Amino acid sequence: MRNVYLDYSATTPVKEEVVKEMIPYFTEKFGNPSSLYDKGLESKEAIIKAREQVAELINAKPTEIFFTAGGTESDNWVVFGAAEKLKDKGNHIITTKIEHHAMLHSCMELEKQGFDVTYLDINEDGVVDLHQLKSAITDKTILISIMLVNNEIGTIQPIKEAAAIAKEHKILFHTDAVQGLGNVPIDVKDMGIDLMSMSSHKIYGPKGTGALYIRKGVAISNYMYGGAQETRKRAGTENITGIVGFGKAAEIANQNFDEHVEHCSQLRDYLRDRILDEIPDTYVNGTLKHRHPGNLNVTFKYIEGESILLLLNQFGISVSTGSACSSTSLEPSHVLSALGVPVEMIHGTVRFTIGDFTTKEDIDYVVDNLKKIVERLRGISSVNSVKGW
Ligand SMILES: *Cc1c(COP(=O)(O)O)cnc(C)c1O
(Lines give C-alpha, C1' and ligand atoms only; values in the text may rest on other atoms or scores of the structure.)
Protein backbone atom coordinates (compact mmCIF):
# COMPACT_ATOMS: atom_id res chain seq x y z
CA MET A 1 0.00 0.00 0.00
CA ARG A 2 1.11 3.53 -0.72
CA ASN A 3 2.06 5.68 2.26
CA VAL A 4 1.25 9.36 2.01
CA TYR A 5 2.15 11.69 4.85
CA LEU A 6 0.27 14.99 4.73
CA ASP A 7 0.84 16.16 8.30
CA TYR A 8 4.07 18.15 8.01
CA SER A 9 2.77 20.78 10.44
CA ALA A 10 2.59 18.12 13.17
CA THR A 11 6.18 17.06 12.56
CA THR A 12 8.60 16.37 9.71
CA PRO A 13 10.94 13.47 8.95
CA VAL A 14 14.59 14.25 9.70
CA LYS A 15 16.48 14.75 6.44
CA GLU A 16 19.27 12.31 5.54
CA GLU A 17 21.93 15.06 5.55
CA VAL A 18 20.79 16.11 9.00
CA VAL A 19 21.03 12.59 10.43
CA LYS A 20 24.49 12.20 8.89
CA GLU A 21 25.66 15.39 10.60
CA MET A 22 24.28 14.23 13.97
CA ILE A 23 25.64 10.67 14.13
CA PRO A 24 29.29 11.37 15.13
CA TYR A 25 28.02 13.35 18.13
CA PHE A 26 26.37 10.23 19.55
CA THR A 27 29.53 8.15 19.26
CA GLU A 28 33.11 9.38 18.92
CA LYS A 29 32.35 13.09 19.47
CA PHE A 30 30.51 12.61 22.74
CA GLY A 31 32.40 15.15 24.86
CA ASN A 32 30.69 17.54 27.24
CA PRO A 33 30.90 21.03 25.70
CA SER A 34 31.76 22.47 29.14
CA SER A 35 34.91 20.32 29.46
CA LEU A 36 38.21 22.08 28.85
CA TYR A 37 40.08 19.34 26.94
CA ASP A 38 39.91 18.81 23.18
CA LYS A 39 37.01 16.39 23.30
CA GLY A 40 34.94 19.04 25.05
CA LEU A 41 36.04 21.81 22.70
CA GLU A 42 35.03 19.71 19.71
CA SER A 43 31.45 19.63 21.03
CA LYS A 44 31.58 23.29 21.97
CA GLU A 45 32.59 24.19 18.42
CA ALA A 46 29.71 22.16 17.02
CA ILE A 47 27.29 24.27 19.09
CA ILE A 48 28.94 27.48 17.92
CA LYS A 49 28.44 26.39 14.32
CA ALA A 50 24.78 25.43 14.89
CA ARG A 51 24.14 28.77 16.57
CA GLU A 52 25.48 30.53 13.47
CA GLN A 53 23.34 28.37 11.17
CA VAL A 54 20.14 29.15 13.09
CA ALA A 55 21.03 32.86 13.41
CA GLU A 56 21.62 33.14 9.69
CA LEU A 57 18.16 31.78 8.84
CA ILE A 58 16.48 34.65 10.71
CA ASN A 59 19.12 37.43 10.34
CA ALA A 60 20.05 37.44 14.04
CA LYS A 61 23.46 37.47 15.69
CA PRO A 62 24.61 34.05 16.99
CA THR A 63 24.79 35.51 20.52
CA GLU A 64 21.04 36.15 20.33
CA ILE A 65 20.17 32.45 19.86
CA PHE A 66 19.48 30.32 22.97
CA PHE A 67 18.91 26.61 22.49
CA THR A 68 15.96 25.03 24.29
CA ALA A 69 14.10 21.71 24.27
CA GLY A 70 11.68 22.94 21.60
CA GLY A 71 8.92 25.37 20.75
CA THR A 72 6.97 24.62 23.91
CA GLU A 73 9.88 25.45 26.19
CA SER A 74 10.64 28.63 24.25
CA ASP A 75 7.03 29.82 24.61
CA ASN A 76 6.97 28.94 28.33
CA TRP A 77 10.27 30.73 28.88
CA VAL A 78 8.93 33.92 27.30
CA VAL A 79 5.65 33.96 29.21
CA PHE A 80 7.04 33.09 32.65
CA GLY A 81 10.38 34.84 32.11
CA ALA A 82 8.78 38.12 31.07
CA ALA A 83 6.17 37.94 33.85
CA GLU A 84 8.83 37.33 36.50
CA LYS A 85 11.17 40.02 35.21
CA LEU A 86 8.56 42.71 34.64
CA LYS A 87 5.97 42.02 37.35
CA ASP A 88 6.74 45.28 39.13
CA LYS A 89 6.06 47.18 35.93
CA GLY A 90 2.73 45.57 35.15
CA ASN A 91 0.59 42.44 35.09
CA HIS A 92 -1.04 42.60 31.67
CA ILE A 93 -0.24 40.44 28.63
CA ILE A 94 -1.78 40.59 25.17
CA THR A 95 -1.91 37.52 22.93
CA THR A 96 -4.42 35.98 20.50
CA LYS A 97 -7.18 33.39 20.63
CA ILE A 98 -5.42 31.29 17.99
CA GLU A 99 -2.04 30.67 19.65
CA HIS A 100 -0.61 27.20 20.13
CA HIS A 101 -1.49 25.63 23.48
CA ALA A 102 2.12 26.17 24.60
CA MET A 103 1.29 29.89 24.68
CA LEU A 104 -2.38 29.72 25.67
CA HIS A 105 -1.96 27.33 28.58
CA SER A 106 1.07 29.28 29.86
CA CYS A 107 -0.97 32.48 29.79
CA MET A 108 -3.90 30.76 31.55
CA GLU A 109 -1.51 29.63 34.26
CA LEU A 110 -0.37 33.23 34.74
CA GLU A 111 -3.99 34.33 35.04
CA LYS A 112 -4.30 31.99 38.03
CA GLN A 113 -1.35 33.86 39.52
CA GLY A 114 -3.10 37.22 39.20
CA PHE A 115 -2.09 38.36 35.72
CA ASP A 116 -4.58 39.79 33.23
CA VAL A 117 -4.45 38.41 29.72
CA THR A 118 -6.23 39.82 26.67
CA TYR A 119 -6.85 37.26 23.92
CA LEU A 120 -7.30 39.07 20.60
CA ASP A 121 -9.93 37.96 18.07
CA ILE A 122 -9.27 37.15 14.43
CA ASN A 123 -11.34 38.28 11.44
CA GLU A 124 -13.01 35.99 8.87
CA ASP A 125 -9.68 35.70 7.01
CA GLY A 126 -8.02 34.33 10.17
CA VAL A 127 -5.92 37.44 10.82
CA VAL A 128 -5.68 39.57 13.99
CA ASP A 129 -7.03 43.09 14.02
CA LEU A 130 -4.33 45.67 14.76
CA HIS A 131 -6.90 48.26 15.90
CA GLN A 132 -8.05 45.83 18.57
CA LEU A 133 -4.40 45.31 19.54
CA LYS A 134 -3.88 49.06 19.93
CA SER A 135 -6.96 49.53 22.07
CA ALA A 136 -6.05 46.58 24.30
CA ILE A 137 -2.77 48.18 25.40
CA THR A 138 -2.74 49.66 28.92
CA ASP A 139 0.05 51.15 31.02
CA LYS A 140 0.27 47.74 32.72
CA THR A 141 0.99 45.80 29.49
CA ILE A 142 4.39 44.11 29.66
CA LEU A 143 4.26 41.66 26.73
CA ILE A 144 2.55 41.31 23.36
CA SER A 145 2.74 37.86 21.78
CA ILE A 146 1.31 37.10 18.34
CA MET A 147 2.20 33.98 16.38
CA LEU A 148 3.77 34.38 12.95
CA VAL A 149 1.91 31.54 11.21
CA ASN A 150 -1.03 29.63 12.64
CA ASN A 151 -0.56 25.87 12.87
CA GLU A 152 -4.14 24.89 11.96
CA ILE A 153 -5.27 27.29 9.24
CA GLY A 154 -1.82 28.50 8.12
CA THR A 155 -2.66 32.19 8.14
CA ILE A 156 0.26 34.62 8.37
CA GLN A 157 -0.12 37.43 10.91
CA PRO A 158 1.01 41.05 10.42
CA ILE A 159 4.03 40.70 12.71
CA LYS A 160 6.06 43.67 11.49
CA GLU A 161 3.11 46.04 12.04
CA ALA A 162 2.26 44.52 15.43
CA ALA A 163 5.91 44.77 16.55
CA ALA A 164 5.96 48.45 15.55
CA ILE A 165 2.90 49.08 17.73
CA ALA A 166 4.57 47.29 20.66
CA LYS A 167 7.75 49.32 20.19
CA GLU A 168 5.83 52.60 20.12
CA HIS A 169 4.54 51.72 23.61
CA LYS A 170 7.88 50.27 24.79
CA ILE A 171 6.34 46.82 25.28
CA LEU A 172 8.23 43.57 24.63
CA PHE A 173 7.15 41.82 21.45
CA HIS A 174 7.28 38.03 21.05
CA THR A 175 6.27 35.82 18.16
CA ASP A 176 5.87 32.04 18.10
CA ALA A 177 7.49 31.40 14.71
CA VAL A 178 7.49 27.60 14.93
CA GLN A 179 5.29 27.23 11.82
CA GLY A 180 6.78 30.23 10.06
CA LEU A 181 10.41 29.14 10.25
CA GLY A 182 11.59 27.95 6.83
CA ASN A 183 8.14 28.61 5.35
CA VAL A 184 7.88 32.40 5.29
CA PRO A 185 10.76 34.92 5.11
CA ILE A 186 11.92 35.94 8.59
CA ASP A 187 14.23 38.85 9.34
CA VAL A 188 14.05 39.59 13.06
CA LYS A 189 15.81 42.94 12.66
CA ASP A 190 13.60 44.20 9.85
CA MET A 191 10.45 42.89 11.58
CA GLY A 192 11.36 44.47 14.94
CA ILE A 193 10.99 41.24 16.93
CA ASP A 194 12.31 41.11 20.53
CA LEU A 195 11.71 37.42 21.25
CA MET A 196 10.98 34.54 18.89
CA SER A 197 10.25 30.83 19.45
CA MET A 198 11.55 28.17 17.05
CA SER A 199 11.45 24.39 16.87
CA SER A 200 13.69 21.94 15.03
CA HIS A 201 11.26 19.10 14.28
CA LYS A 202 9.01 21.27 12.14
CA ILE A 203 11.89 22.02 9.72
CA TYR A 204 13.23 18.48 9.08
CA GLY A 205 15.41 18.47 12.20
CA PRO A 206 15.22 16.20 15.27
CA LYS A 207 12.53 16.45 17.97
CA GLY A 208 13.20 17.84 21.44
CA THR A 209 15.28 20.78 20.24
CA GLY A 210 14.42 24.38 19.57
CA ALA A 211 15.59 27.89 20.27
CA LEU A 212 14.55 31.21 21.62
CA TYR A 213 15.80 34.34 19.87
CA ILE A 214 16.38 37.05 22.46
CA ARG A 215 17.29 40.39 20.89
CA LYS A 216 20.45 41.94 22.35
CA GLY A 217 19.45 44.26 25.21
CA VAL A 218 16.19 42.44 26.01
CA ALA A 219 16.07 40.94 29.52
CA ILE A 220 13.70 38.22 30.73
CA SER A 221 14.24 35.94 33.72
CA ASN A 222 15.95 32.58 33.30
CA TYR A 223 13.76 29.54 32.90
CA MET A 224 16.24 26.88 33.99
CA TYR A 225 18.74 27.32 36.83
CA GLY A 226 21.95 25.34 37.18
CA GLY A 227 25.17 25.39 35.17
CA ALA A 228 26.60 28.16 33.04
CA GLN A 229 25.35 26.88 29.68
CA GLU A 230 23.79 29.25 27.13
CA THR A 231 25.56 32.21 28.79
CA ARG A 232 23.88 31.29 32.07
CA LYS A 233 20.39 31.87 30.67
CA ARG A 234 19.40 28.23 30.15
CA ALA A 235 21.20 25.72 32.33
CA GLY A 236 21.70 22.03 31.57
CA THR A 237 24.17 20.01 29.51
CA GLU A 238 23.38 20.80 25.91
CA ASN A 239 21.42 18.39 23.70
CA ILE A 240 24.39 18.39 21.38
CA THR A 241 23.08 15.92 18.76
CA GLY A 242 19.78 17.77 18.65
CA ILE A 243 21.47 21.13 18.36
CA VAL A 244 23.79 19.93 15.58
CA GLY A 245 20.78 18.53 13.73
CA PHE A 246 18.76 21.71 14.20
CA GLY A 247 21.70 23.76 12.87
CA LYS A 248 22.00 21.61 9.77
CA ALA A 249 18.23 21.68 9.20
CA ALA A 250 18.30 25.49 9.48
CA GLU A 251 21.13 25.69 6.95
CA ILE A 252 19.21 23.51 4.48
CA ALA A 253 16.01 25.49 5.05
CA ASN A 254 17.93 28.66 4.24
CA GLN A 255 19.52 27.27 1.07
CA ASN A 256 16.32 25.60 -0.22
CA PHE A 257 13.89 28.30 0.82
CA ASP A 258 12.56 29.40 -2.60
CA GLU A 259 12.46 25.87 -3.96
CA HIS A 260 10.66 24.59 -0.84
CA VAL A 261 8.01 27.33 -0.93
CA GLU A 262 7.43 26.84 -4.67
CA HIS A 263 7.17 23.05 -4.35
CA CYS A 264 4.73 23.13 -1.41
CA SER A 265 2.50 25.91 -2.68
CA GLN A 266 2.14 24.33 -6.13
CA LEU A 267 1.07 20.99 -4.70
CA ARG A 268 -1.14 22.67 -2.09
CA ASP A 269 -2.95 24.66 -4.80
CA TYR A 270 -3.34 21.49 -6.88
CA LEU A 271 -4.84 19.67 -3.86
CA ARG A 272 -7.16 22.60 -3.15
CA ASP A 273 -8.36 22.81 -6.77
CA ARG A 274 -9.03 19.10 -7.00
CA ILE A 275 -10.94 18.96 -3.70
CA LEU A 276 -13.05 22.05 -4.37
CA ASP A 277 -13.77 21.02 -7.99
CA GLU A 278 -14.45 17.35 -7.44
CA ILE A 279 -16.03 17.11 -3.99
CA PRO A 280 -19.23 19.09 -3.42
CA ASP A 281 -19.97 21.03 -0.22
CA THR A 282 -16.35 21.69 0.73
CA TYR A 283 -14.69 24.95 1.62
CA VAL A 284 -11.31 26.23 2.74
CA ASN A 285 -10.88 27.88 6.15
CA GLY A 286 -8.71 31.01 6.38
CA THR A 287 -7.48 33.34 3.67
CA LEU A 288 -5.62 31.88 0.70
CA LYS A 289 -3.63 35.08 0.31
CA HIS A 290 -1.28 35.24 3.27
CA ARG A 291 -0.83 31.60 4.09
CA HIS A 292 1.71 28.89 4.92
CA PRO A 293 2.77 27.43 1.53
CA GLY A 294 1.92 23.84 2.52
CA ASN A 295 -1.30 24.33 4.52
CA LEU A 296 -4.81 23.45 3.39
CA ASN A 297 -7.62 23.34 5.96
CA VAL A 298 -10.90 22.08 4.52
CA THR A 299 -14.40 21.61 5.90
CA PHE A 300 -16.40 18.72 4.43
CA LYS A 301 -20.00 19.54 5.24
CA TYR A 302 -22.31 16.95 6.83
CA ILE A 303 -19.57 14.48 7.91
CA GLU A 304 -17.02 14.00 10.68
CA GLY A 305 -13.37 14.89 10.11
CA GLU A 306 -12.43 12.08 12.51
CA SER A 307 -14.16 9.52 10.28
CA ILE A 308 -12.35 10.89 7.22
CA LEU A 309 -9.04 10.70 9.09
CA LEU A 310 -9.59 7.09 10.15
CA LEU A 311 -10.68 5.96 6.69
CA LEU A 312 -7.77 7.79 5.00
CA ASN A 313 -5.50 6.03 7.49
CA GLN A 314 -6.74 2.69 6.14
CA PHE A 315 -5.30 3.75 2.78
CA GLY A 316 -1.95 4.68 4.34
CA ILE A 317 -2.69 8.42 4.34
CA SER A 318 -1.87 10.61 7.37
CA VAL A 319 -3.75 13.87 7.96
CA SER A 320 -5.09 15.60 11.05
CA THR A 321 -8.29 17.19 12.26
CA GLY A 322 -8.16 20.46 14.14
CA SER A 323 -4.63 20.26 15.47
CA ALA A 324 -2.51 17.23 16.25
CA CYS A 325 -2.28 18.19 19.89
CA SER A 326 -6.04 18.02 20.31
CA SER A 327 -6.58 14.85 18.30
CA THR A 328 -7.13 12.90 21.50
CA SER A 329 -9.78 15.27 22.78
CA LEU A 330 -13.19 15.98 21.29
CA GLU A 331 -13.01 19.70 22.09
CA PRO A 332 -13.72 21.64 18.91
CA SER A 333 -10.59 23.45 17.67
CA HIS A 334 -10.11 26.82 19.41
CA VAL A 335 -8.72 28.25 16.17
CA LEU A 336 -11.72 27.32 14.03
CA SER A 337 -14.01 28.55 16.83
CA ALA A 338 -12.21 31.90 16.79
CA LEU A 339 -12.65 31.97 13.01
CA GLY A 340 -16.42 31.71 13.57
CA VAL A 341 -16.83 28.24 12.07
CA PRO A 342 -19.97 26.63 13.56
CA VAL A 343 -19.29 23.63 15.83
CA GLU A 344 -20.85 21.04 13.49
CA MET A 345 -18.65 22.31 10.65
CA ILE A 346 -15.54 22.25 12.87
CA HIS A 347 -16.16 18.55 13.36
CA GLY A 348 -16.09 18.14 9.57
CA THR A 349 -12.68 19.73 9.17
CA VAL A 350 -9.42 18.17 8.02
CA ARG A 351 -5.95 19.73 7.89
CA PHE A 352 -3.64 18.67 5.06
CA THR A 353 -0.04 19.90 5.32
CA ILE A 354 2.40 19.35 2.48
CA GLY A 355 6.19 19.18 2.63
CA ASP A 356 9.39 18.57 0.68
CA PHE A 357 8.79 14.86 0.13
CA THR A 358 5.21 15.19 -1.14
CA THR A 359 4.67 14.39 -4.84
CA LYS A 360 1.88 15.07 -7.34
CA GLU A 361 1.15 11.32 -7.39
CA ASP A 362 0.65 11.48 -3.62
CA ILE A 363 -1.95 14.22 -4.04
CA ASP A 364 -3.77 12.28 -6.77
CA TYR A 365 -3.82 9.17 -4.58
CA VAL A 366 -5.23 11.18 -1.66
CA VAL A 367 -7.96 12.91 -3.67
CA ASP A 368 -9.02 9.71 -5.47
CA ASN A 369 -9.50 7.97 -2.12
CA LEU A 370 -10.95 11.02 -0.43
CA LYS A 371 -13.73 11.27 -3.05
CA LYS A 372 -14.81 7.69 -2.37
CA ILE A 373 -14.58 8.14 1.41
CA VAL A 374 -16.63 11.33 1.45
CA GLU A 375 -19.28 9.80 -0.80
CA ARG A 376 -19.49 6.76 1.44
CA LEU A 377 -19.70 8.77 4.66
CA ARG A 378 -22.30 11.13 3.22
CA GLY A 379 -24.31 8.16 2.04
CA ILE A 380 -24.25 6.75 5.52
CA SER A 381 -24.98 10.05 7.23
CA SER A 382 -28.01 10.81 5.04
CA VAL A 383 -29.42 7.34 5.72
CA ASN A 384 -28.88 7.87 9.42
CA SER A 385 -30.48 11.30 9.41
CA VAL A 386 -33.57 9.83 7.78
CA LYS A 387 -33.72 7.37 10.67
CA GLY A 388 -33.41 10.31 13.03
CA TRP A 389 -29.94 9.26 14.26
C1 LIG B 1 4.67 22.54 17.17
C2 LIG B 1 4.41 23.91 17.69
C3 LIG B 1 4.86 24.30 18.95
C4 LIG B 1 5.53 23.34 19.91
O5 LIG B 1 6.83 23.04 19.51
P6 LIG B 1 7.51 21.70 20.12
O7 LIG B 1 8.93 21.79 19.61
O8 LIG B 1 6.76 20.56 19.54
O9 LIG B 1 7.43 21.81 21.59
C10 LIG B 1 4.64 25.60 19.36
N11 LIG B 1 4.00 26.47 18.55
C12 LIG B 1 3.55 26.13 17.33
C13 LIG B 1 2.88 27.15 16.48
C14 LIG B 1 3.73 24.83 16.86
O15 LIG B 1 3.27 24.50 15.66
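Atoms within a ligand are numbered from 1 in the order they appear, just like the ligands themselves. Since we're looking at a predicted model, the values are computed, not measured.
- In this structure, atom 11 (N) of ligand 1 lies nearest to the protein heavy atom Asp176 OD2, 2.7 Å.
- Scanning all protein heavy atoms for the shortest distance to atom 7 (O) of ligand 1 gives Ser199 OG, 2.7 Å.
- A donor atom on one side chain and an acceptor atom on the other are not found under 3.5 Å apart for Asn151 and His292.
- Of all the heavy atoms of Thr72, the ones lying under 4.0 Å from any atom of ligand 1 are found in both the backbone and the side chain.
- When only interatomic distances are considered, the shortest N/O to N/O separation between Gln179 and ligand 1 falls below 3.5 Å.
- In this pair, Tyr204 and Phe357 present their aromatic rings perpendicular. The plane angle is above 60°, beyond the 30 to 60° band.
- Legend: residues meeting side-chain hydrogen bond (donor to acceptor under 3.5 Å, both in side chains) with Ser43, ordered by chain and number and at least two apart, are absent.
- Under a 4.0 Å criterion applied to the non-hydrogen atoms of Met147, ligand 1 contributes the atoms 13 (C).
- With ligand atoms numbered from 1 in the order given, ligand 1 contributes 6 (P), 7 (O), 8 (O) to contacts under 4.0 Å with heavy atoms of His201.
- Per-residue contacts place Gly70 under 4.0 angstrom from the following atoms of ligand 1 (heavy atoms of the residue considered): 7 (O).
- In this structure, atom 6 (P) of ligand 1 lies nearest to the protein heavy atom Gly71 N, 3.5 Å.
- In the model, Glu109 has no side-chain atom that pairs as donor or acceptor with a side-chain atom of Ser106 under 3.5 Å.
- His100 NE2, 3.5 Å is the protein heavy atom nearest to atom 3 (C) of ligand 1.
- Leu370 and Tyr270 fall within the same hydrophobic cluster, where Ile, Leu, Val, Met, Phe, Trp and Tyr residues are linked whenever their side-chain heavy atoms come under 4.5 Å apart, directly or through other members.
- Of all the atoms in ligand 1, the ones that sit under 4.0 Å from a non-hydrogen atom of Asn151 are 13 (C), 15 (O).
- Closest non-hydrogen pair, Ala82 versus Ile142, comes out as O-CD1, 3.9 Å.
- Using a 4.0 Å cut-off to heavy atoms of Lys202, the atoms of ligand 1 that qualify are 1 (C), 2 (C), 3 (C), 14 (C), 15 (O).
- The proximity of Lys207 to ligand 1, defined as any non-hydrogen pair under 4.0 Å, does not occur for either the backbone or the side chain.
- Residues satisfying the side-chain hydrogen bond (donor to acceptor under 3.5 Å, both in side chains) criterion with Glu84, sequence neighbours excluded, are Lys87.
- Between the side chain of Ser318 and the backbone N or O of Tyr5, no donor-acceptor pair lies under 3.5 Å.
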